[in-house]
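Data first, discussion second: the structure below is written as structure tokens.
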Amino acid sequence: MADSPMSFNQQVYALVRRIPAGRVLSYGRVALLLGVPRGARSVGWALGSLTGPEPEVPWHRVVNAQGRISIKGSPDVAARQRAKLEAEGVVFDDNDTIAMNKFLWQPSALDVEAIIQHARDQARGGENDG
DNA sequence: CAATTGACTTGAT
DNA sequence: TATCAAGCCAATT
């Protein structure tokens, strides 16, 4: 029945979940990998919907293109993000910035597509695509 | 359907 | 290098 693809929101979660520990991704990069080169804001919006006590999505592995934490309105959440990243080995520069050239996750297009396909399959409730 | 919002990004000054 | 403004997309109301 689920002819409609899962919401952009779901795609974001699916991809973010595949971000390995110790690596980070930028909002714009996530959007780009999902096929929306200008959907950076939507990615942040999607992650903002999480901010739960214990979300199953490593939202903390997503930062802005500058490699800095961009969370607003909740300094506590921002602090938690940094703490989680540092706990995974991510190093912050003297300017509270992450070296994107070192910690940026760079999956291949095939990997990303496989992630989306798999996520879609789950969204269908285990139905085959046919 | 139209208007508003937001954890972004890029270009110009 | 730092600051300001405009563009973009999806969800919410």
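In what follows, every chain begins at residue 1, and chains take the letters A, B, ... in the order their sequences are listed. Note that the coordinates shown come from a computational prediction; the quantities given were computed from them, not determined experimentally.
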Report yes or no: does [X] contribute a side-chain atom to a donor-acceptor pair with the main-chain N or O of [Y] at less than 3.5 Å?
{"X": "A/N95", "Y": "A/T97", "value": "no"}
{"X": "A/D93", "Y": "A/D96", "value": "no"}
{"X": "A/S26", "Y": "A/R29", "value": "yes"}

Measure [atom1]/[X] against [atom2]/[N] and give the value in whole Å, please.
{"X": "A/I69", "N": "B/dC8", "atom1": "CD1", "atom2": "C1'", "result": "15 Å"}
{"X": "A/M6", "N": "C/dA10", "atom1": "CE", "atom2": "P", "result": "14 Å"}
{"X": "A/N9", "N": "B/dG6", "atom1": "CG", "atom2": "P", "result": "17 Å"}
{"X": "A/R82", "N": "B/dA7", "atom1": "CZ", "atom2": "C1'", "result": "17 Å"}
{"X": "A/N64", "N": "B/dT10", "atom1": "CG", "atom2": "P", "result": "10 Å"}
{"X": "A/L47", "N": "B/dG6", "atom1": "CG", "atom2": "C1'", "result": "12 Å"}
{"X": "A/Y27", "N": "C/dA10", "atom1": "OH", "atom2": "P", "result": "18 Å"}

field: Within residues 16-26 of chain A, residues whose heavy atoms come under 4.0 Å of DNA chain B
entry: A/S26
message: Contact list please: residues 93-101 of chain A against DNA chain B, heavy atoms, distance less than 4.0 Å, in numerical order.
response: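 Listed by number, there are none.
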Closest to the A/A65 side chain, choosing from B/dA7, C/dA11, B/dT9: B/dT9
message: Any salt bridge linking A/E88 with A/R23? Criterion: basic side-chain nitrogen under 4.0 Å from a carboxylate oxygen.
response: no
query: Does A/R82 pair with A/E86 as a salt bridge, N-O distance under 4.0 Å?
result: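 Result for this pair is yes, salt bridge flagged.
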- request: Heavy atoms only: give me the nearest A/V16-A/P58 pair and the separation to one decimal.
  value: O-CG, 3.3 Å
query: If you take all heavy atoms of A/M100 and A/L104, which pair is closest and at what distance?
result: O-CB, 2.7 Å
message: When both hydrogen-bonding distances must be under 3.5 Å and the geometry is Watson-Crick or G-U wobble, what is B/dA2 paired with, if anything?
response: C/dT13
- prompt: Can you check whether A/V63 reaches A/R68 side chain to side chain, under 4.5 Å on heavy atoms?
  reply: no
task: Please tell me if the side chains of A/V12 and A/W45 come closer than 4.5 Å, counting only heavy atoms from C-beta onward.
output: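 When only atoms from C-beta onward are counted, A/W45 and A/V12 do not touch, as no gap falls below 4.5 Å.
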Would you tabulate the nitrogen or oxygen pairs shorter than 3.5 Å linking the protein to nucleotides 6-9 of chain C?
{"from": "C/dG7", "atom 1": "O6", "to": "A/R41", "atom 2": "NH1", "distance (Å)": "3.2"}
{"from": "C/dC9", "atom 1": "O2", "to": "A/S42", "atom 2": "OG", "distance (Å)": "2.7"}

query: Which sits closer to the 5' end of DNA chain B, A/V63 or A/W45, going by the nucleotide each is nearest to?
result: A/W45
message: What's the separation between atom CG in A/D111 and atom CD1 in A/I116, rounded to the nearest 0.5 Å?
response: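 The CG atom of A/D111 sits 11.5 Å away from the CD1 atom of A/I116.
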- prompt: Base, sugar-phosphate, or nothing for A/G48, non-hydrogen atoms under 4.0 angstrom?
  reply: base
Axial cation check for A/Y27 ring with A/R41, 6.0 Å and 45° limits: no
